[in-house]
Every structure is written in C-alpha cells, then in structure tokens.
Amino acid sequence: MTTVITYGTYDVMHYGHIRLLERAKELGDYLIVGVTADDFDKTRGKINVQQSLMERIENVRATGLADKIIVEEYEGQKIDDIHRYNVDIFTVGSDWKGHFDYLKEYCKVVYLDRTQGISSTEIRSENSSLKLGLVGEISIVDKFYKESQYVNGLEIAGICTQNESIFEKYKDTIFVTTEYSTLLEKCDAVYIVSHPTKHYEQIKEALNNNIHVLCESPIALTEKQCRELFSIANAKNLTLMDSIKTAYATAFARLLLILKGGVIGKILSIDATCTSLADLDDEKVMKNKWNSITDWGPTALLPVFRILGTKWKDVKISSLMLDKFNDFDLFSRISFEYENAIATLKVGVGVKSEGELIISGTQGYIYVPAPWWKTDYFEIRYEDQSKNRRYFYQLDGEGIRYELVAFLKSIKQQNTYKYISEDISFNISRIMEEFSENKSIICNG
Ligand code: CTP
C-alpha cells in the first residue's frame with residue numbers, strides 16, 4: 001500500500017484545492033490530509049483565515065478524498081507524521097517547489113502543478129474588500145498603514161491628518177486630507193487615533209454616516225458618551241471597537257485562558273505598570289500628546305477588567321500633574337478595590353519605570369516581563385521553583401495585524417464577535433471620567 005500525505009489550510013475551499021487532493025489521491029492508495037491549526041497558520045503569516053479549524057477540516061472531509069485527516073500544529077511535525085504513518089509520498093502544490101526538499105531524506109517528495117487563477121487569498125479579498133480610512137496625528141498611523149498590508153480583504157482608502165510630516169509622507173501615494181468629512185466619503189470604516197478629546201465627535205460623525213469604527217482607546221472621556229456611541233452603533237448594526245493592541249496578542253489571550261484553569265489559585269491582586277518617555281520641553285509635540293491616563297490607562301486597565309471583571313467597589317486615582325500642558329498627568333496611580341481582590345496600576349508619559357505585570361494568587365503568581373503590553377512571554381511561578389512554567393507565543397506587528405483581522409471579522413459577523421466587551425469599554429471611559437472629576441492631585445509641576 002502506498003501512503004500519501006499532503007498539508008494545507010483549506011480555507012474557503014475552491015477547485016484548486018479539490019484538484020490537488022484528487023491528484024494526490026491518485027499518487028497512491030491511502031491519502032492523509034494535514035489541516036493547519038490557526039496558531040500554526042499565524043506563524044506562517046496567514047493571519048486572516050476566514051473559517052475555523054473545524055470548518056476547514058469539514059471542507060476536506062466533504063470532498064470524500066481523504067482517508068485520514070490530521071491537524072498540523074507545530075514546526076517539524078511533518079517529519080514526525082511521515083514516521084508515524086509510514087508515509088511513502090509527500091506532496092503539495094508547485095507554489096512550494098523546493099521548500100520541502102529536506103523531506104526527501106524520509107520519503108518521496110512530489111510537487112503537483114498549482115491550478116492557475118484561484119487562491120483562498122483572492123476569494124477572501126473578493127468577499128470583503130473593506131475601505132479603511134486612517135485618522136490621526138501620531139506615528140501609529142504609519143504602523144497601521146504598514147500592518148494593513150498583511151491583512152487581505154482590506155485596503156487603505158486614505159488618511160486624514162493635521163500632522164504635516166504624515167501628510168507629506170503619504171500625499172503622493174494615497175489620498176490624504178485635513179478634512180475629516182472628506183475622508184468619510186471614501187470609507188466603509190475608520191481607524192481613529194486622533195487626540196482623545198476629539199474621539200466622541202469623530203466617532204459620532206462616522207457612525208451617523210454608516211461607517212464602522214476602530215478607535216484607539218479610550219472611545220470617549222465619559223461613560224455617558226461611550227454608552228451613547230455604542231447605542232448608535234448597535235442600532236445601525238455597525239462595529240465600534242476599542243483599539244488596545246495587547247488584547248489581540250496571542251500570549252495575552254493564552255494567559256487569560258490559563259488563569260481560568262485556576263493555576264495560581266484564587267487571584268488576589270494585579271499590579272501593572274506602563275510608561276513611556278516624552279520630550280516635556282518640546283511644546284509643539286506636547287500639545288498633541290495624550291496624557292498618561294488616556295495614553296496608558298486603557299492598556300493597564302485591560303488585564304484588570306478581563307481578570308477581575310468590571311464590578312469594582314471603589315477606585316482611587318492619584319496623579320502628579322504637569323500643569324503647563326492642559327490636564328496633563330505625568331504619572332498616575334489607579335487603585336481598585338474589589339470584593340475579594342485589589343489592583344494597582346501605574347501609568348506615565350514622560351517618566352520611565354519597569355513595565356511589568358504581576359498577577360498574584362493564593363498558590364502562585366504570573367509574571368509578565370517588561371514591556372508586558374507587547375506580551376510574547378510569561379511565566380507561572382510557584383514557591384517550589386521546580387514547578388515554574390514558561391510560555392512563549394510569537395507576536396508579529398505588535399498585535400496590530402491581528403487587531404485589524406478581528407475588526408474585519410466583527411464587521412463580517414455583524415458585530416457579534418468581540419475581544420473587548422462593551423462593558424469594558426464603558427468602564428474604561430468611566431475611569432477617564434473619574435480621573436477628570438475625582439483625582440487627588442499630588443503636585444502641580
Ligand atoms: N493549491 C493548488 N492550486 C491552487 C491553490 C492551492 O494546487 N490554486 C494547493 C496548494 O499548493 C497546497 C494546497 O492546495 O498544496 C492547499 O493550499 P492552501 O494554502 O490551503 O490554499 P491557497 O489557495 O494557496 O491559500 P492562500 O491563498 O491563503 O495561500
């Protein structure tokens with residue numbers, strides 16, 4: 001008996017896939033098809049696969065061509081599989097020509113001609129080509145522009161900015177304007193990273209023009225405004241999403257899942273610090289700078305709200321203010337009291353500190369080293385160090401590309417797919433409000 005094995009993603013199944021499987025089957029008597037798991041695909045750069053692993057397995061099963069279906073989960077698995085299943089022939093499409101020659105040591109390798117004129121990438125792009133506008137004055141606009149290239153089904157329709165250098169940089173490449181309403185005419189969706197004081201008005205205008213919104217958190221500076229914006233979005237079936245990159249990092253998502261398994265016992269405390277430097281003497285830059293609570297607050301609040309929930313009993317915000325720029329907190333400490341836990345967050349712009357995250361429990365703690373908001377690594381630590389565990393997950397593009405994929409998915413699934421719940425968005429805005437109304441000012445510099 002000749003055993004043949006082939007691997008693929010098999011997203012939005014098309015006749016190129018079917019022809020490949022037919023020919024693979026003809027090479028032998030028994031065909032094994034390896035379907036790549038979502039995480040493994042991410043590491044290969046396929047980040048917006050549209051169908052889930054189960055659906056993709058079902059696509060292959062439905063062809064009736066596979067005698068066995070397996071899941072490909074890790075680097076190096078192909079060699080293991082060849083040994084395990086006594087494989088005689090490994091085959092894939094000619095787009096991979098040469099790439100798998102190293103397997104010749106273990107079995108015969110056959111590259112089959114790829115069917116011209118069709119691919120999952122093309123189908124995904126046709127299904128949803130979203131025109132995204134970028135709005136804002138800071139360099140993250142640049143990062144979003146670059147990261148959008150990794151996400152198919154999305155094109156950048158233009159940029160609205162008051163920042164001259166961003167304007168100059170892009171004016172010969174794409175549509176750039178200083179008029180927000182002009183950009184809205186060209187878009188289905190916008191990513192907003194303008195100053196937080198502008199968010200509410202800009203989001204409202206976009207939603208009223210039936211445009212989906214991804215906004216760098218906080219969405220609004222009061223809870224009432226935030227609720228109003230979500231009620232407009234929901235009534236119109238539009239996606240409104242807080243943009244916090246950390247929420248989309250695989251390691252952060254895994255950390256939350258692992259915690260749910262009770263690995264550190266009862267969670268009693270969360271400590272998180274986020275800081276960045278700023279040139280406090282540069283008046284021009286500082287005019288557009290986000291203060292510490294808006295710049296870092298939402299990111300620092302994310303693990304607290306995701307792990308301890310949003311039913312906190314009390315919050316106290318203490319700030320060192322820098323009065324020469326309007327309402328600018330150089331450093332703020334946010335202290336939460338929950339029924340059975342506490343949390344302390346420190347955020348700062350124009351100051352540098354150790355940016356770590358520590359989640360303490362009755363049996364052990366989780367340690368995420370600086371900069372924890374770009375999580376790719378964390379440890380579970382115990383008193384008995386031999387039980388410690390380390391976890392690493394690749395993070396590409398600071399999470400931006402995953403965030404764009406999540407935004408697209410939410411739009412496609414009509415707003416039912418959410419990483420950051422509305423409740424968390426309301427609470428983030430509520431903390432922004434607490435800051436302006438109830439902060440205890442430690443000093444005015
Ligand atoms: N394949 C093929 N002809 C095509 C498309 C794919 O022969 N037109 C083959 C690939 O070479 C691979 C298998 O089908 O052996 C599974 O491919 P997969 O990566 O799942 O599909 P693509 O359409 O190439 O996906 P993408 O556009 O995301 O790269």
Side-chain angles (χ1 to χ4, degrees), residues 130-151 154-207 209 211-221 242-245 275-299 322-330 348-352 397-401 403-404 407 432:
L130 188 87
K131 293 190 185 63
L132 180 72
L134 306 177
V135 185
E137 280 64 60
I138 54 179
S139 61
I140 193 163
V141 165
D142 249 344
K143 288 189 186 165
F144 264 78
Y145 182 76
K146 287 192 194 109
E147 285 297 310
S148 68
Q149 326 280 323
Y150 292 94
V151 181
L154 181 144
E155 59 184 277
I156 301 298
I159 299 178
C160 171
T161 187
Q162 315 300 325
N163 179 320
E164 281 166 24
S165 61
I166 297 180
F167 197 102
E168 284 304 312
K169 181 168 174 188
Y170 286 103
K171 76 175 196 307
D172 299 326
T173 325
I174 49 167
F175 174 77
V176 191
T177 176
T178 53
E179 295 288 327
Y180 184 55
S181 55
T182 322
L183 178 75
L184 292 185
E185 284 165 18
K186 297 188 177 294
C187 303
D188 309 313
V190 279
Y191 164 67
I192 299 176
V193 63
S194 54
H195 195 270
T197 48
K198 295 184 185 166
H199 288 181
Y200 170 73
E201 290 300 337
Q202 286 180 336
I203 294 174
K204 199 165 168 179
E205 191 175 339
L207 295 174
N209 282 285
I211 287 170
H212 304 279
V213 179
L214 173 66
C215 178
E216 202 58 38
S217 195
I219 279 178
L221 295 176
D242 250 309
S243 169
I244 305 177
K245 293 186 289 297
T275 61
S276 51
L277 285 177
D279 186 354
L280 302 175
D281 296 324
D282 187 336
E283 301 239 347
K284 207 168 149 219
V285 171
M286 289 304 290
K287 225 174 62 199
N288 289 318
K289 205 91 194 135
W290 297 32
N291 60 6
S292 302
I293 197 90
T294 51
D295 199 358
W296 284 117
T299 302
L322 191 69
D323 253 7
K324 67 178 165 168
F325 306 107
N326 204 8
D327 219 20
F328 198 99
D329 59 325
L330 193 61
V349 170
V351 58
K352 201 63 207 158
E398 295 180 32
I400 293 174
R401 62 185 77 165
E403 181 171 76
L404 286 170
F407 183 50
M432 300 302 128

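- Between Ser292 and Leu330, the shortest heavy-atom distance links the atoms OG-O, 3.1 Å.
- The heavy-atom pair separating Trp296 from Gly348 by the smallest distance is CD1-O, 3.4 Å.
- Taken to the nearest 0.5 Å, the CZ atom of Phe175 stands 5.0 Å off from the NZ atom of Lys186.
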Test Thr178 against Phe167 for side-chain contact (heavy atoms from CB on, under 4.5 Å), laying out the working first. CA-CA 9 Å; Thr178 53; Phe167 197 102; 4.0 Å; yes

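- Interatomic distance, NZ of Lys146 versus CD1 of Ile156, reported as 12.5 Å (0.5 Å rounding).
- Under the rule for a side-chain hydrogen bond (donor to acceptor under 3.5 Å, both in side chains), the partners of Asp242 that lie at least two apart in sequence or sit in another chain are Ser217, Ser425.
- There is a side-chain donor-acceptor pair under 3.5 Å between Glu403 and Ser243.
- Ser148 approaches Leu154 most closely through the heavy-atom pair CB-CD2, 3.5 Å.
- Rounding to the nearest 0.5 angstrom, the gap separating the OG1 atom in Thr294 from the CG atom in Asp327 is 9.5 Å.
- Contact record, Pro298 with Met432: CD-CE, 3.9 Å, taken as the closest heavy-atom pair.
- Within the model, atoms CD1 of Ile159 and OG1 of Thr177 stand 11.0 Å from one another, a figure rounded to the nearest 0.5 Å.
- With a 4.5 Å cut-off on side-chain heavy atoms, Leu214 and Leu132 do not count as touching.
- Taking 4.0 Å as the cut-off between side-chain N and carboxylate O, Arg401 and Glu147 count as a salt-bridged pair.
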Quick one: side chains of residues 187-198, donor-acceptor pairs under 3.5 Å with protein atoms, not counting sequence neighbours, listed by atom name and distance.
unit_1, atom_1, unit_2, atom_2, d
Asp188, OD2, Lys131, N, 2.7
Tyr191, OH, Glu216, OE1, 2.4
Ser194, OG, Gln202, OE1, 2.5
His195, ND1, Thr197, N, 3.3
His195, ND1, Thr197, OG1, 2.8
His195, NE2, Lys289, O, 3.4

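- Distance check: Leu221 CG to His199 NE2 gives 8.0 Å after rounding to the nearest 0.5 Å.
- Looking at Phe328 and Met286, their side chains come closer than 4.5 Å, going by heavy atoms from C-beta outward.
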Please report, to 0.1 Å, the donor-acceptor pairs under 3.5 Å made by any side chain of residues 135-145, with sequence neighbours excluded.
unit_1, atom_1, unit_2, atom_2, d
Glu137, OE2, Gln162, N, 2.9
Asp142, OD1, Lys169, NZ, 3.2
Asp142, OD1, Tyr170, OH, 2.5
Asp142, OD2, Lys169, NZ, 3.2
Lys143, NZ, Glu398, OE1, 3.4
Lys143, NZ, Glu398, OE2, 3.1

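- Leu134 CG to Thr161 OG1: the interatomic distance, rounded to the nearest 0.5 Å, is 10.0 Å.
- In this structure Lys171 satisfies the side-chain hydrogen bond (donor to acceptor under 3.5 Å, both in side chains) test together with Glu168, sequence neighbours excluded.
- Among all heavy-atom pairs drawn from Ser276 and Lys352, the shortest one is CA-NZ, 4.1 Å.
- Every residue two or more places apart in sequence or in another chain was checked for a side-chain hydrogen bond (donor to acceptor under 3.5 Å, both in side chains) with Thr182, and none qualifies.
- Annotation: side-chain hydrogen bond (donor to acceptor under 3.5 Å, both in side chains) contacts of Glu179 (sequence neighbours excluded): none.
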